[in-house]
2 protein chains.
Amino acid sequence: MSPKTKAKYEARAAIIKALAHPTRLFIVDQLQTRKRCVCELTKLIGADISTVSKHLSVLKSVGIVHDEKVGQQVFYHLKTPCVLRFFICVDSVVKTNAEEQLALLR
Amino acid sequence: MSPKTKAKYEARAAIIKALAHPTRLFIVDQLQTRKRCVCELTKLIGADISTVSKHLSVLKSVGIVHDEKVGQQVFYHLKTPCVLRFFICVDSVVKTNAEEQLALLR
DNA sequence: TGCCTATTTGGCCATACAACCAAGTAACCA
DNA sequence: TGGTTACTTGGTTGTATGGCCAAATAGGCA
């Protein structure tokens, strides 16, 4: 693989890597409808606020979300809603796997 | 997050995690046109064959690729081509990031 | 059968990740 | 100004990942 090709796939992988965590996928899904502050996401997720803050900074660093400070709160919103389309494909893979698993039991 | 919700996002994350590596993204891209054996992919990638084999097993374990043994060779093919659509969105994120980076320099 | 080729698996090591707690920063309010 | 709330950052620890080498497995051919 040439250095140029390698760099291309590394750039892509960095974005996908940022999505490759259940909590971050949940966050992306929650931001689908509206922007939310860290405190709200923390309540929904049920982890330490520092953990949630770090997940958000991962998503922000690759440009998937954007943040906006309003008073003492920081609101995050989805910058690239196209990532939501991932779910459609991913869910179809999950479903196919489950069906194949079932078929094996017959 | 309820246990059920958590399980849903964990299942999704497992699929995305399998894609979150430059070499595996390259493999998926290469399988877009036709199935290929491990040896061919190994040449294209330029890593140890054991490394490539492990990457393929990661993709296989989550149901993104399928393998088929023909003689001494094992051919892998893309089982869920919808993952190729990820690239469109991901590349747009990469491009936007680059543009914003440029804008900062002005 | 015995060798050769293709691939997988196990072992090892270095690095990266995710979680929590604790400490630091920033904005608002009394 | 001093306290409170909201958030981020640093530190630590355990676990997962990715790479290579070496060994094991499997199919084909002499």
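By convention in this document, chain letters (A, B, ...) are assigned in the order of the sequence lines, proteins followed by strands, and residues within each chain are numbered from 1. Just so you know, these numbers come straight off a predicted model, no measurement behind them.
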Subject >> Pair B:K95 + B:E100: basic N to acidic O under 4.0 Å >> reply: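 No.
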
Original post:
Is A:K35 paired with A:E40 through a side-chain N to carboxylate O contact shorter than 4.0 Å?
Top reply: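 So A:E40 does not pair with A:K35 through a salt bridge.
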
Subject >> Close residues, residues 26-38 of chain A, relative to DNA chain D [heavy-atom separation under 4.0 Å] >> reply: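 Heavy-atom contacts with DNA chain D come from A:C37, A:V38.
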
Original post:
Is there a chain of hydrophobic side chains (I, L, V, M, F, W, Y, each step under 4.5 Å between heavy atoms) that links A:I49 to B:M1?
Top reply: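 They do share one cluster, since a chain of ILVMFWY contacts under 4.5 Å joins A:I49 to B:M1.
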
Original post:
With the 4.5 Å side-chain cut-off for hydrophobic clustering, are B:V58 and A:I16 part of the same group?
Top reply: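 Different clusters.
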
Taking atom [atom2] of [N] as reference, at what distance in whole Å does atom [atom1] of [X] sit?
| X | N | atom1 | atom2 | answer |
| --- | --- | --- | --- | --- |
| B:Q73 | C:dT8 | CD | C1' | 15 Å |
| B:Y76 | C:dT7 | OH | P | 9 Å |
| B:I49 | C:dG10 | CD1 | P | 17 Å |
| B:D67 | C:dT8 | CG | P | 7 Å |

Original post:
Along DNA chain D, 5' to 3', what are the outermost nucleotides having an atom less than 4.0 Å from a heavy atom of chain A?
Top reply: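 Range of nucleotides touched by chain A: D:dT5 to D:dG11.
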
**OP:** Check whether any side-chain N or O of A:T42 sits under 3.5 Å from a backbone N or O of A:V38 as a donor-acceptor pair, and report yes or no.
**Re:**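 Here the side-chain-to-backbone pair exists.
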
Original post:
Can you tell me how far the CG atom of B:L59 sits from the NZ atom of B:K79, to the nearest 0.5 Å?
Top reply: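 If I round to the nearest 0.5 Å, the distance is 11.5 Å.
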
Original post:
Would you call the rings of A:Y9 and B:F26 parallel, tilted or perpendicular, where under 30° means parallel and over 60° means perpendicular?
Top reply: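 A:Y9 vs B:F26 ring planes: perpendicular.
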
Subject >> Distance-only polar pair, side chains of B:S50 and B:S53, donor-acceptor under 3.5 Å >> reply: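 No.
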
**OP:** Answer yes or no: are there more than 12 heavy-atom neighbours, outside A:E99 itself, under 6.0 Å from its atom CD?
**Re:**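 Yes, because the 6.0 Å sphere around CD of A:E99 holds more than 12 heavy atoms from other groups.
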
Original post:
With a distance cut-off below 6.0 Å to the six-membered ring centre and an angular limit of 45° from the axis, does B:R12 pair with A:F87 as a cation-pi contact?
Top reply: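 Yes.
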
**OP:** Summarise how protein sits on nucleotides 17-27 of chain C as a single string, 5' to 3': B when a protein heavy atom is under 4.0 Å from the base, S for sugar-phosphate-only contact, - for no contact.
**Re:** SSSBBB---SB

